[in-house]
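Please read the structure below before turning to the comments.
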Amino acid sequence: MKAPRGTQDLLPGVTEKWQYVEGKLKELSNNYHYQEIRTPIFEHTELFQRGVGDTTDIVQKEMYTFLDKGDRSITLRPEGTASVVRSFVEHKLFGSPNQPTKLFYIGPMFRYERPQQGRMRQFVQYGVEALGSADPAIDAEVISLAMNAYQTLGLQSLKLVINSLGDQESRENHRQALIDHFTPVKEELCDDCQTRLEQNPLRVLDCKKDREHPKMQDAPSILEYLNDESEAYFEKVKAYLDAMNIPYEVDPNLVRGLDYYNHTAFEIMSNAEGFGAITTLSGGGRYNGLVENLGGPETPGIGFALSIERLLMALEAEGVELPIDSQLDCYVVSLGDAANLKAATIVNELRQAGIQVDKDYQAKKFKGQFKAADRLQAKYVLVLGDDELANNQIAVKNMETGDQETVALDQLTEHMQGIL
RNA sequence: GCGAUCGUGGUGAAGUGGUUAACACAUCGGAUUGUGGUUCCGACAUGCGUGGGUUCGAUCCCCACCGGUCGCCCCA
């Protein structure tokens with residue numbers, strides 16, 4: 001039996017890294033005052049169709065959808081925002097006096113895709129959503145949090161790309177301009193783009209295949225179609241980023257694959273050498289209208305999500321060592337029935353005193369037990385044999401220096417607490 | 001969904017159409033009857049992803065499937 005394609009087991013040795021990273025992200029969330037929300041791992045399929053958008057790749061070809069025993073169409077969540085907004089609406093969080101509602105989540109997402117480096121069918125996302133504010137300052141806050149998530153872990157080769165998709169009116173005008181621009185050469189575009197031109201012309205812009213097409217070079221930029229209000233909003237977001245000393249690059253072709261975005265859109269990429277083909281570490285944007293679309297009151301929102309897998313890859317690529325201390329305080333070595341029995345109680349007492357302790361369970365000889373202790377990088381080995389037992393003592397050996405001393409059994413816990 | 005490439009023990013990795021599938025590391029045992037990281041000796045593949053086929057005979061040839069890796073599309 002093997003784990004299903006595109007999934008992976010995280011084993012001891014790497015789970016420590018995950019714990020560390022997740023801990024840091026939660027800490028960061030608290031600093032920004034985002035609170036944790038946990039939503040189900042599966043939802044009604046309709047939520048994603050309406051929330052993420054029917055024309056997106058995610059909905060069209062990447063969802064894990066199945067019928068449950070009650071013939072309900074269920075989908076393993078492909079992203080987090082739709083669920084969070086659904087929950088926000090369902091529990092009427094918009095009614096809370098504390099607005100905006102600032103939430104974060106961390107958990108597995110599922111997308112049916114061909115696995116490759118940095119892309120799994122089950123992967124873990126950390127993300128935040130700020131609902132209830134249309135202040136450009138909160139756009140900047142979310143972007144700042146996203147950048148900070150990487151920087152606080154020690155990453156440096158980062159590139160922040162931002163764009164504005166404008167409001168409804170701006171998007172409509174731009175959309176029409178795109179249709180007018182590309183329709184005359186429709187036949188020359190790739191199959192996907194011919195479809196996109198009808199369903200979501202904006203996405204023609206980020207097509208990789210048609211990038212060299214002459215009509216692509218002078219395609220109408222969304223930035224030229226922003227109405228005054230949208231432009232002012234974008235300017236303010238940039239002003240906040242400037243004020244916060246967060247460097248960014250404006251890319252008018254940054255479109256994002258999900259339908260719900262408007263106004264601010266951004267992506268963070270890694271510049272690290274040898275990072276592989278997929279350089280996007282995280283992405284996000286504003287989604288005014290999504291809450292309404294999912295049955296709530298008119299509520300603006302913005303959020304972003306990052307993949308822990310890619311974050312770990314970036315750390316690896318930049319050679320960042322995480323400060324993970326997986327050492328063992330003590331390893332108890334014993335030989336003989338009486339000593340073994342006593343050793344078990346000693347181990348128990350030390351553990352209750354909050355000390356990390358382990359012992360042999362393989363019936364190994366002294367030598368083997370020492371090798372095991374060495375391999376586990378135990379700081380101290382406590383030796384209990386017939387001699388020690390007879391004198392109610394135990395030998396405490398410092399594995400780093402090789403020094404060994406004898407301690408009375410009834411003072412062992414105290415002694416260990418003193419030297420650790 | 002498309003393309004490339006790969007699939008031998010815990011790990012890395014040789015290899016051949018035909019009795020016992022190199023080697024290294026790791027692990028275990030012993031040399032050293034109660035003390036680690038060195039050295040020496042020894043042990044260690046339900047048999048070479050799964051299922052078919054070709055053949056007197058296949059781990060090595062063919063086919064299918066599954067899986068890994070990388071890339072395309074797209075994204076986290």
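What you see is a predicted model; the values in this text were computed from it and never measured. Letters A, B, ... mirror the listed sequences (proteins, then strands); counts begin at 1.
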(request) Tell me whether the OP1 or OP2 atom of A4(B) has a side-chain N or O from Arg114(A) closer than 4.0 Å. (result) no
(message) As a test of reading the structure: which of A76(B), G67(B), A31(B) is closest to the side chain of Gln125(A), going by heavy atoms?
(response) A76(B)
(message) Among U35(B), G34(B), A76(B), which nucleotide has an atom closest to any side-chain atom of Arg310(A)?
(response) A76(B)
(request) Could you tell me whether Gly283(A) contacts a base, only the sugar-phosphate backbone, or nothing, with contacts defined as non-hydrogen atoms closer than 4.0 Å? (result) sugar-phosphate
(request) Please state whether the phosphate of C28(B), meaning OP1 or OP2, lies under 4.0 angstrom from any side-chain nitrogen or oxygen of Lys364(A). (result) yes
(request) Indicate yes or no: at least one non-hydrogen side-chain atom of Lys342(A) is less than 4.5 angstrom from one of Leu384(A). (result) yes
(message) Tell me if the centroids of the rings in Tyr112(A) and Tyr64(A) come within less than 6.0 Å of each other.
(response) yes
(request) Using a heavy-atom cut-off of under 4.0 Å over every strand shown, decide if Glu309(A) touches base, sugar-phosphate, or nothing. (result) nothing
(message) Can you check the distance between U38(B) and A76(B), where both ends of the measurement are the P atom (answer in whole Å)?
(response) 49 Å
(request) Under 4.0 Å between any heavy atoms, over every strand shown, what does Ile278(A) touch: base, sugar-phosphate, or nothing? Just pick one. (result) base
(message) Students often get this wrong, so: under 4.0 angstrom with heavy atoms, is Arg5(A) touching a base, only sugar-phosphate, or nothing?
(response) sugar-phosphate
(request) Name all stems that contain residues of RNA chain B, defined as runs of 3 or more consecutive Watson-Crick or G-U wobble pairs, both distances under 3.5 Å. (result) B:1-7 with B:66-72, B:10-12 with B:23-25, B:27-31 with B:39-43, B:49-53 with B:61-65
(request) For A21(B) versus U32(B), give the span between their C1' atoms, rounded off to a whole number of Å. (result) 35 Å
(message) Can you identify which nucleotide, out of C74(B), C70(B), G36(B), has its nearest atom closest to the Gln116(A) side chain?
(response) C70(B)
(request) Output the single nucleotide from G67(B), C28(B), G34(B) whose closest atom is nearest the side chain of Arg375(A). (result) C28(B)
(request) Would you tell me whether Ser133(A) and Asp135(A) have side-chain atoms, one donor and one acceptor, within less than 3.5 Å of each other? (result) no
(request) For G36(B) and G30(B), measure between their P atoms and round to the nearest Å. (result) 13 Å
(message) I want to confirm an ordering. Mapping Lys365(A) and Gly118(A) to their closest nucleotides on RNA chain B, which one lands closer to the 5' end?
(response) Lys365(A)
(request) Kindly point out which of G1(B), C74(B), U35(B) is positioned nearest to the side chain of Phe366(A)? (result) U35(B)
(message) Counting only side-chain heavy atoms from C-beta out, which of C75(B), G68(B), C73(B) sits nearest to Pro115(A)?
(response) G68(B)
(message) Counting the atoms with a prime plus P, OP1 and OP2 as sugar-phosphate, which does Glu388(A) contact under 4.0 Å by heavy atoms, base, sugar-phosphate, or nothing?
(response) base
(request) With C1' as the reference atom in both, quote the distance from A64(B) to U54(B) in angstrom, rounded to an integer. (result) 15 Å
(request) Could you give the distance separating C6(B) and G42(B) at their P atoms, to the nearest angstrom? (result) 37 Å
(message) Taking the P atom in each of G7(B) and C63(B), what is the distance between them to the nearest angstrom?
(response) 15 Å
(message) At less than 4.0 Å, is any side-chain N or O atom of Lys367(A) found next to OP1 or OP2 of G36(B)? Yes or no.
(response) yes
(message) When you measure from the side chain of Arg111(A) to the backbone of Met120(A), do you find a donor-acceptor pair of N or O atoms at a distance under 3.5 Å?
(response) no
(message) Just checking Phe104(A) against Tyr34(A), ring centres under 6.0 Å apart?
(response) no
(request) Have a look at Glu43(A) and tell me which of Arg50(A), Arg86(A), Arg72(A) forms a salt bridge (Lys or Arg N to Asp or Glu O under 4.0 Å) with it. (result) Arg86(A)
(message) Give me the distance, rounded to whole Å, that separates U27(B) from U11(B) when you measure between the P atoms they each carry.
(response) 15 Å
(message) Suppose you measure atom P in G68(B) against the same atom in U8(B); what distance do you get, rounded to whole Å?
(response) 14 Å
(request) May I ask you to check whether Tyr105(A) and Ser83(A) show a side-chain donor-acceptor distance below 3.5 Å? (result) no
(message) Please pick, from C70(B), C73(B), G36(B), the nucleotide with the shortest atom-to-atom distance to any side-chain atom of Gln117(A).
(response) C70(B)
